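Just so we're clear, the structure is a prediction, and the values are computed from it rather than from any experiment.
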Protein chains: 2
Amino acid sequence: MKLDILTKTENFDVQKHIIASIRDLINLKNLEPGDKLPSERMLSERFSVSRGNVREAIQKLEFYGLLESIPQSGTFVANIGVIAMNGMIEDILRLEAPDFKSLVETRILLELKTVRLAALRRTEDDLVEMKVALEAFSKKVRNGEDAVQEDLLFHLAIAKASGNSSMNTFMLIITPEIITNFAKYHVCDTSNAEVGIEEHNAIFKAIEDKNPQLAKKKMKEHFKELYKYCYNV
Amino acid sequence: MKLDILTKTENFDVQKHIIASIRDLINLKNLEPGDKLPSERMLSERFSVSRGNVREAIQKLEFYGLLESIPQSGTFVANIGVIAMNGMIEDILRLEAPDFKSLVETRILLELKTVRLAALRRTEDDLVEMKVALEAFSKKVRNGEDAVQEDLLFHLAIAKASGNSSMNTFMLIITPEIITNFAKYHVCDTSNAEVGIEEHNAIFKAIEDKNPQLAKKKMKEHFKELYKYCYNV
DNA sequence: ACTCAATAATTGGTTAACCAGTTCCTAATG
DNA sequence: CATTAGGAACTGGTTAACCAATTATTGAGT
């Protein structure tokens, strides 16, 4: 297990090394948007790493929109100037795994916005889905069972109803990390589940009534404990 | 080129098919958190796809925290119940490329928050970096050159100074898409660049003075045109 | 019958060979 | 000399064989 972690760290470092090397290469050769990078084989030889590692690094930079691979043709630098390229790669290299506080802070930001948008834009279908999640949550809680999943699904239904695909995606990204951290640090273990039901109902009603201010307010109350945790601890 | 797009779409669909198949398998066999999935080879045979495709799909589900691969051991379902698993996979399958409006809306949300946090938490080093980006921007604008990159770097410096790694990451993710769309739809082509310099300076000063309210207000003014574009068009 | 070491089978990860297009150079032709 | 068909070389993507580590199985020894 320890070895596994070490291996992953090592791979992580080698990928960072490759990304930095690609950046240096772009600077050295003054590659501009649209220019072609050397082939994956040449890069792997030049950096003394496997071609698979090169592909991985390129895919990551492709994800951030800095490179573009065209099959049977080559890899090209995207329509971003060298300065932005350097700045962004520097940031990407510095990126670390988000701390729990950042996650919670971001979740609160997203939820307060999505709940407002949901109140403005929700369709009838959205209402149905939220209602289903809501009742599944209530049922489990009233049976005394653990209802973390159902809780989560209700919030994701709100994100979906917001009609903003970016925020929906971001919620999907941070949610599992939030869950695992919740379990790890035992957050919200003591909170009263019955109160949770009422808060969820209030949020749902505000969205149903298309009242964005109220929806945001109710969501804020729902996050009161989390808020404390985030800013007092 | 058209073929390329078709190929990508096809791959996209085959990946979705695999993800859905994995979900069905988990439901069919009632796999619970910690249970082991069939090996990649068996899955590839069962779904009649290449093992590479299976690996890709598993990696995606791993990114969303739903699965976990342990080398030389197997792939395991994460500590998330079947219900949440189903809901999240459904959402992931439905995920579409974000529309421009969603991107802008999300960017505004993130920037208004990060600028506030930056005013509260910025270090001296953060100030230096922002100052450098600021002056590079001013210089280019005063020379009548295009300064989209420098503009962007200033905003990324703010995100970094916010001290929230999640928001920083999200800003990095949406920024390149914003840029390409800006270029595509010719947003902000007519805006007066000189005004942009003053607005940037005002934002910087508010952060330097640790005045979060003012910083947010100045950022809001900076985004006035974008705001209009996002909510009026 | 039980233990536990030795081995065989299975796992995810990695590497190298292969594939189908693309690109670029060559040389034959008008 | 210019043009263009032909092909060689190169491209990213794909596949299959390989690897080291883990896990399951076996069977000898007590």
ask   = Are the side chain of A:Lys16 and the backbone N or O of A:Leu93 linked by a donor-acceptor pair below 3.5 Å?
value = yes
task = For this output row, return yes or no: ring centroids of A:Phe170 and B:Phe170 closer than 6.0 angstrom.
result = yes
Salt bridge (Lys or Arg N to Asp or Glu O under 4.0 Å) partners of residues 77-92 of chain B, not counting sequence neighbours, each pair once = B:Glu90-B:Arg94, B:Asp91-B:Arg94
ask   = For the pair made of CD in B:Glu68 and C1' in C:dT11, what is the distance, rounded to whole Å?
value = 15 Å
note = Residues of residues 18-32 of chain B with a heavy atom under 4.0 Å from any atom of DNA chain D, listed by number, are none
message = How long is the straight-line distance from CD1 of B:Ile108 back to NE2 of B:His222, given to the nearest 0.5 Å?
response = 11.0 Å
task = Kindly indicate whether the side chain of B:Gln72 and the base of C:dG12 share any N or O donor-acceptor pair separated by less than 3.5 Å?
result = yes
query = Looking only at side-chain N and O atoms, does B:Arg51 come under 4.0 Å of OP1 or OP2 in D:dA16?
reply = no
task = Rounding to 10 degrees, work out the angle separating the end axes of the helix from C:dA1-D:dT30 to C:dG30-D:dC1 (five pairs an end).
result = 20°
message = Looking at B:Asn168 and B:Asn164, would you say the former's side chain and the latter's main chain have a donor-acceptor pair under 3.5 Å?
response = no
query = Whole Å only: how far is the CZ atom of B:Phe76 from the C1' atom of C:dT10?
reply = 12 Å
message = For B:Asp24, give me all partners under side chain to side chain donor-acceptor pair (under 3.5 Å), at least two apart in sequence or on another chain.
response = none
message = To the closest 0.5 Å, what do you measure between NE2 (B:His155) and CG (B:Leu152)?
response = 8.5 Å
key: Contact under 4.0 Å: B:Arg41 side-chain N or O vs C:dT11 OP1/OP2   = no
inquiry  = Side chain of B:Met42, heavy atoms from C-beta onward: which of C:dT11, C:dA17, C:dG13 has the nearest atom to it?
reply    = C:dT11
request  = Would you mind listing every salt bridge (Lys or Arg N to Asp or Glu O under 4.0 Å) that reaches into residues 159-177 of chain A, with sequence neighbours excluded?
outcome  = A:Glu129-A:Lys160
query = Looking only at atom types and distance, does a side-chain atom of B:Glu62 sit under 3.5 Å from a main-chain N or O of B:Ser69, one as donor and one as acceptor?
reply = yes
Between protein and nucleotides 6-9 of chain D, what N or O pairs are separated by less than 3.5 Å?
none

query = When you measure from the side chain of A:Thr114 to the backbone N and O of A:Ser162, does any donor-acceptor pair fall under 3.5 Å?
reply = no
ask   = Considering only heavy atoms from C-beta outward, does the side chain of B:Thr175 approach that of A:Tyr64 to under 4.5 Å?
value = no
key: Short side-chain N/O contact to C:dT14 OP1/OP2 from A:Ser50, under 4.0 Å   = no
task = Tell me what A:Gly74 touches on the nucleic acid: a base, only sugar-phosphate, or nothing, going by heavy atoms under 4.0 Å.
result = sugar-phosphate
query = Closer than 4.0 Å, any side-chain N/O of B:Ser73 to the OP1 or OP2 of D:dA21?
reply = no
